[in-house]
Protein chains: 2
Amino acid sequence: MLDIEAFRKAGYQAVDRICDYYYSLEKRPVASQVQPGYLREALPECAPNQGEDFQTIADDYQKLIIPGLTHWQHPSFFAFFPTASTFEGMIADLYASSTCNPGFNWASSPACTELEAVMMDWAAKMFGLHDHFLNSSGIGGGVIQTTASDSALVSVVAARSLYIRKHPDVKHEDLVFYTTTQTHSLGVKAGLVLGMECRALEVKVEDQFALRGSILKRALEEDKKHGKHPFMIIATVGTTSSGAVDRLSEIGEVVKDHPDVWIHVDAAWAGVTLACPEFRETAQLDNINRYADSFCTNFHKWGLVNFDCSTLWVKNRKYLTDALDITPEFLRTKHGDAGTVIDYRNWHLALGRRFRSLKVWFVLRSYGVEGFRNHIRQGIELSQYFASLIRASPSFELVTEPSFALSVFRVLPSGDSEGSQAVTLELVNELNRSFYSRLSARPDIMLTQTMINGVFCIRFAVGATRTKKEHIDKAWSIIQEEAVAAVQDWTP
Amino acid sequence: MLDIEAFRKAGYQAVDRICDYYYSLEKRPVASQVQPGYLREALPECAPNQGEDFQTIADDYQKLIIPGLTHWQHPSFFAFFPTASTFEGMIADLYASSTCNPGFNWASSPACTELEAVMMDWAAKMFGLHDHFLNSSGIGGGVIQTTASDSALVSVVAARSLYIRKHPDVKHEDLVFYTTTQTHSLGVKAGLVLGMECRALEVKVEDQFALRGSILKRALEEDKKHGKHPFMIIATVGTTSSGAVDRLSEIGEVVKDHPDVWIHVDAAWAGVTLACPEFRETAQLDNINRYADSFCTNFHKWGLVNFDCSTLWVKNRKYLTDALDITPEFLRTKHGDAGTVIDYRNWHLALGRRFRSLKVWFVLRSYGVEGFRNHIRQGIELSQYFASLIRASPSFELVTEPSFALSVFRVLPSGDSEGSQAVTLELVNELNRSFYSRLSARPDIMLTQTMINGVFCIRFAVGATRTKKEHIDKAWSIIQEEAVAAVQDWTP
């Protein structure tokens with residue numbers, strides 16, 4: 001067992017080894033190269049009876065764990081969406097871990113609640129969110145959730161609870177909420193968890209996979225005609241597959257005729273671009289402020305704060321606490337209700353919660369708003385640079401318009417676009433699957449695949465803090481090399 | 001912004017300051033002494049535009065945050081239940097934070113999934129859980145959740161989903177699951193989240209607030225007669241209020257006649273005592289193994305692993321993945337279904353998840369099973385010592401039998417037990433409220449209150465790693481001192 005001085009030694013060493021890790025990161029394979037079961041084979045079947053020397057344990061971390069990690073912080077990681085990691089976030093997490101407390105209400109550690117309330121206001125202001133989302137408004141407010149799935153689930157619960165209070169006779173089976181076919185799994189999962197119908201609305205390629213008001217309107221009218229009770233729409237700013245942005249203004253106008261429908265805007269990935277004034281129009285700031293009942297973005301994706309840190313704002317905190325408050329009526333306080341003292345346990349699913357606002361504080365202060373903006377701008381510039389390389393090459397095409405820092409592309413079977421019309425979609429998909437297999441086998445890059453409207457394509461998401469122009473160039477050269485090989489192997 | 005070398009410097013400093021914190025911990029007030037709003041007043045209204053020097057930020061943590069913390073690691077913290085914090089856990093969290101990835105499936109970072117699967121088996125074996133709970137069984141398995149509330153919610157979702165698959169015509173409104181009046185808020189909260197009836201069964205003082213089979217049997221029969229569909233009972237080993245242990249053997253036998261009823265055993269606090277063979281009978285090991293469909297204990301309470309680490313085992317993992325799997329059928333793999341590769345995203349509410357098994361690994365190896373047991377034994381011994389002091393004093397009484405490391409006591413108005421019968425319960429409660437107010441005002445101890453069957457009483461929970469006999473003696477002297485003063489002030 002580590003005593004204080006042994007911790008000092010082990011702590012210094014951990015810091016040094018993390019420095020080594022970052023110095024050597026670029027030389028490591030991006031994706032882990034281990035086989036299933038590698039670790040179970042390497043570990044004993046039971047915990048040791050007697051305590052082991054900590055140095056052995058720390059060395060085993062290097063020997064057994066690091067090779068089993070996919071390095072999301074690698075500058076050549078372009079898969080999924082980025083997961084943020086900054087040194088500021090690590091140190092904040094270390095401090096939070098050192099005093100370890102569950103911060104479930106104000107009294108259990110005032111600093112945890114108060115810093116979260118203030119940080120959510122700092123973030124709201126940085127993003128240009130309307131004052132009604134501020135904790136200082138005493139009406140709306142913000143809270144840190146674990147993930148965007150939790151943020152969405154909490155919002156669905158609040159929306160359902162509000163709807164049922166207004167319409168107490170409605171049966172659970174008749175409730176329905178909407179997403180689109182492009183919405184993150186968080187929608188379907190909320191439906192599974194709550195045992196409730198989640199209807200995924202069709203979106204169209206000609207709308208760049210954005211949900212249009214007309215489609216929502218038709219669904220609302222259809223469902224109501226059939227005795228259903230729609231109570232919510234989850235709209236997305238920046239879908240996972242292609243970065244689509246639902247038409248919030250149209251959705252908002254349609255919902256005016258259905259005032260019981262709660263609008264949740266999930267901008268888990270792209271929401272952090274709101275920090276930059278020049279991206280606010282694309283990221284729908286005005287419409288979020290005008291129409292959203294709840295809004296979520298994840299600092300832990302592209303926003304420099306280490307996982308987990310999903311920030312959720314609501315227009316009216318009462319809808320959260322009415323749905324989730326487990327304090328019996330006679331224990332409610334004027335302070336609690338008025339928001340003088342927030343008891344965050346009534347704003348999320350669990351009781352206990354970690355002290356996550358500390359890493360927001362450290363990051364926002366150390367980077368400053370300008371530093372945060374520069375990070376976002378750099379991601380978008382690098383992404384635009386990548387898209388320009390794709391556009392300039394006759395061997396590739398962008399499958400959709402690039403969105404923020406995401407490009408979706410595929411290889412074309414021939415430089416001659418006339419000729420390519422002769423081959424079927426199925427054959428081109430086959431070519432791209434083989435191209436993607438080649439890319440996946442490489443240790444020096446990581447990308448993910450997607451299907452868009454039957455088209456197999458490859459996602460290129462920029463945003464890791466260490467990615468620079470040279471890594472885009474390197475990626476481009478790998479992509480070209482594997483495309484040539486894939487095309488050569490391919491016999492249509 | 002911190003670069004690698006600036007991180008090294010800031011990291012060393014953080015380690016040093018955490019050492020200072022632990023050296024000085026005992027001299028600090030246990031509960032934070034700040035007033036509501038103290039931090040908002042001290043902080044600017046917005047994030048700074050330009051980045052700030054990290055040293056200023058680190059210094060502000062000491063100046064502004066530490067005074068706003070209630071020190072759950074203080075050796076004189078006897079409130080709520082303990083929240084674990086070990087240096088091993090901190091270092092593991094630091095490493096996990098340094099490579100920051102969301103580990104949602106095997107491929108996203110094999111080490112995260114594999115270590116969790118193995119650690120859950122190590123823990124299961126340490127606790128003496130049946131082989132059917134092991135990940136290596138390929139049928140049941142274990143997963144780390146955020147909190148016991150999440151573990152319970154996930155279990156309710158799985159149980160409901162299983163029930164509905166068997167009885168597809170049952171209406172949501174007719175479903176009911178059971179807890180007792182003594183169950184942690186996790187039961188009521190799961191009901192709120194799912195919009196579902198959670199019926200809290202009455203338990204009796206003469207049963208030491210344990211749920212008896214007969215009460216459950218009556219409820220099941222009553223509810224079924226009224227067309228309800230009971231699908232689950234959440235039983236507790238070690239309730240929050242008084243450490244009550246529900247009669248699992250009776251419950252299990254009753255449920256044999258209602259085979260669709262899922263038994264979840266919540267042993268969030270007391271479950272870790274299963275590590276010690278001598279406590280397994282009290283903690284109901286055999287009955288857990290025989291009857292539980294799911295079982296939860298929190299390492300992050302009394303189990304030496306820093307918050308959060310709620311461990312949940314299920315007899316059949318399929319019930320979790322059937323309820324929560326968002327992988328379309330055609331993406332399911334033989335490996336995934338057979339458990340060769342676990343995709344933990346289908347075992348919990350969210351998608352992304354932190355690398356929490358690392359701290360279990362560090363702690364179990366550094367302490368060893370014997371070290372872990374000694375920690376639990378020490379907590380129970382100190383608690384028994386405290387209870388013996390209460391028992392030996394005519395001025396106090398234990399309101400219930402001490403349970404594991406929890407004693408619930410109150411002050412008596414007079415040393416003369418004959419005389420005390422003359423005063424009403426209400427008056428004695430008044431005395432104890434005043435006694436508790438006095439204790440709460442003290443910076444050198446922290447306790448929490450509870451009501452048991454109309455009796456106002458005070459909880460004394462041992463389990464912080466740094467608590468020693470001298471701290472029990474100190475607590476005892478404070479308790480006596482405040483009791484004398486409270487009795488003096490009290491005029492019945």
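Letters A, B, ... are given to chains in the order of the sequence lines, protein chains preceding strands, and every chain is numbered from 1.
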Task: Heavy-atom contact with chain B under 4.5 Å, split by part of R160(A) - done: side chain
Task: Residue part contacting chain B, namely of A79(A), when any heavy atom lies under 4.5 Å - done: neither
Task: Part of P44(A) lying under 4.5 Å from any heavy atom of chain B - done: both
Task: Under 4.5 Å from a heavy atom of chain A, the part of L194(B) involved - done: both
TODO: Using non-hydrogen atoms and a 4.5 Å limit, figure out which bit of S149(A) sits close to chain B: side chain, backbone, both or neither.
DONE: side chain
Task: Interchain contact, S97(B) with chain A, by part (heavy-atom threshold 4.5 Å) - done: both
Open item on the list: Using 30° and 60° as the class boundaries, would you call the ring planes of H172(A) and H172(B) parallel, tilted or perpendicular?
Closed with: parallel
Task: Side chain, backbone, both or neither of M1(B) within contact of chain A (heavy atoms, under 4.5 Å) - done: both
TODO: Please work out which of the three classes, parallel, tilted or perpendicular, describes the rings of Y12(B) and Y12(A), given edges at 30° and 60°.
DONE: parallel
Task: chain B contact via L115(A) - which portion, at a heavy-atom distance below 4.5 Å - done: both
Open item on the list: Does any backbone or side-chain atom of D121(B) lie under 4.5 Å from a heavy atom of chain A? Answer side chain, backbone, both or neither.
Closed with: side chain
TODO: Give, as side chain, backbone, both or neither, the part of Q35(A) having an atom under 4.5 angstrom from any heavy atom of chain B.
DONE: backbone
TODO: Identify which part of R353(A) has an atom lying under 4.5 Å from any heavy atom of chain B, answering side chain, backbone, both or neither.
DONE: backbone
Task: Structural part of K189(B) lying under 4.5 Å from a heavy atom of chain A - done: both
Task: Side chain E114(B), main chain Y38(A), donor-acceptor under 3.5 Å - done: yes
- [ ] Pick one of side chain, backbone, both or neither for F81(B), based on which atoms fall under 4.5 Å of a heavy atom in chain A.
- [x] neither
TODO: Using a cut-off of under 4.5 Å on heavy-atom pairs, state which of V34(A), V156(A), D60(A) scores highest against chain B.
DONE: D60(A)
TODO: Under 4.5 Å heavy-atom distance to chain B, tell me which part of E88(A) shows up: side chain, backbone, both or neither.
DONE: both
Task: Proximal component of S108(A), with respect to chain B [non-hydrogen, under 4.5 Å] - done: both
Task: Under 4.5 Å from a heavy atom of chain B, the part of L304(A) involved - done: neither
TODO: Using non-hydrogen atoms and a 4.5 Å limit, figure out which bit of P82(B) sits close to chain A: side chain, backbone, both or neither.
DONE: neither
- [ ] Counting only heavy atoms closer than 4.5 Å, note whether A84(B) contacts chain A via side chain, backbone, both or neither.
- [x] backbone
Task: C112(A) vs L69(B), side-chain contact (heavy atoms from CB on, under 4.5 Å): CA-CA, chis, key distance, verdict - done: CA-CA 7 Å; C112(A) 302; L69(B) 296 173; 4.1 Å; yes
Open item on the list: Heavy-atom cut-off 4.5 Å, strictly under: side chain, backbone, both or neither for F54(B) against chain A?
Closed with: side chain
Open item on the list: Quick check on S136(B) against chain A: is it the side chain, the backbone, both or neither that has a heavy atom closer than 4.5 Å?
Closed with: both
Task: R354(B) side, atom CZ; R354(A) side, atom CZ - distance, nearest 0.5 Å - done: 3.0 Å
Task: Rounded distance (nearest 0.5 Å) linking atom OG1 of T99(A) with atom NE2 of H71(B) - done: 8.5 Å
TODO: Check the pair L349(A) / V193(B) against side-chain contact (heavy atoms from CB on, under 4.5 Å), numbers first and verdict last.
DONE: CA-CA 7 Å; L349(A) 298 172; V193(B) 168; 3.8 Å; yes
- [ ] For Q13(A) and I91(B), run side-chain contact (heavy atoms from CB on, under 4.5 Å): C-alpha distance rounded to whole Å, both residues' side-chain angles, the deciding distance at 0.1 Å, then the answer.
- [x] CA-CA 10 Å; Q13(A) 187 187 63; I91(B) 292 177; over 6 Å; no
TODO: Identify which part of Q62(B) has an atom lying under 4.5 Å from any heavy atom of chain A, answering side chain, backbone, both or neither.
DONE: side chain
TODO: Return the orientation label for the F362(A) and Y61(B) ring planes: parallel under 30°, perpendicular over 60°, tilted otherwise.
DONE: perpendicular
TODO: Identify which part of F355(B) has an atom lying under 4.5 Å from any heavy atom of chain A, answering side chain, backbone, both or neither.
DONE: side chain
TODO: Pick one of side chain, backbone, both or neither for D93(B), based on which atoms fall under 4.5 Å of a heavy atom in chain A.
DONE: side chain
Task: Toward chain A, the part of Y21(B) with a non-hydrogen atom under 4.5 Å - done: side chain
Task: Toward chain B, the part of L364(A) with a non-hydrogen atom under 4.5 Å - done: both
Task: N101(B) and F77(A): CA distance, side-chain angles, deciding distance, side-chain contact (heavy atoms from CB on, under 4.5 Å) verdict - done: CA-CA 12 Å; N101(B) 72 62; F77(A) 181 94; over 6 Å; no
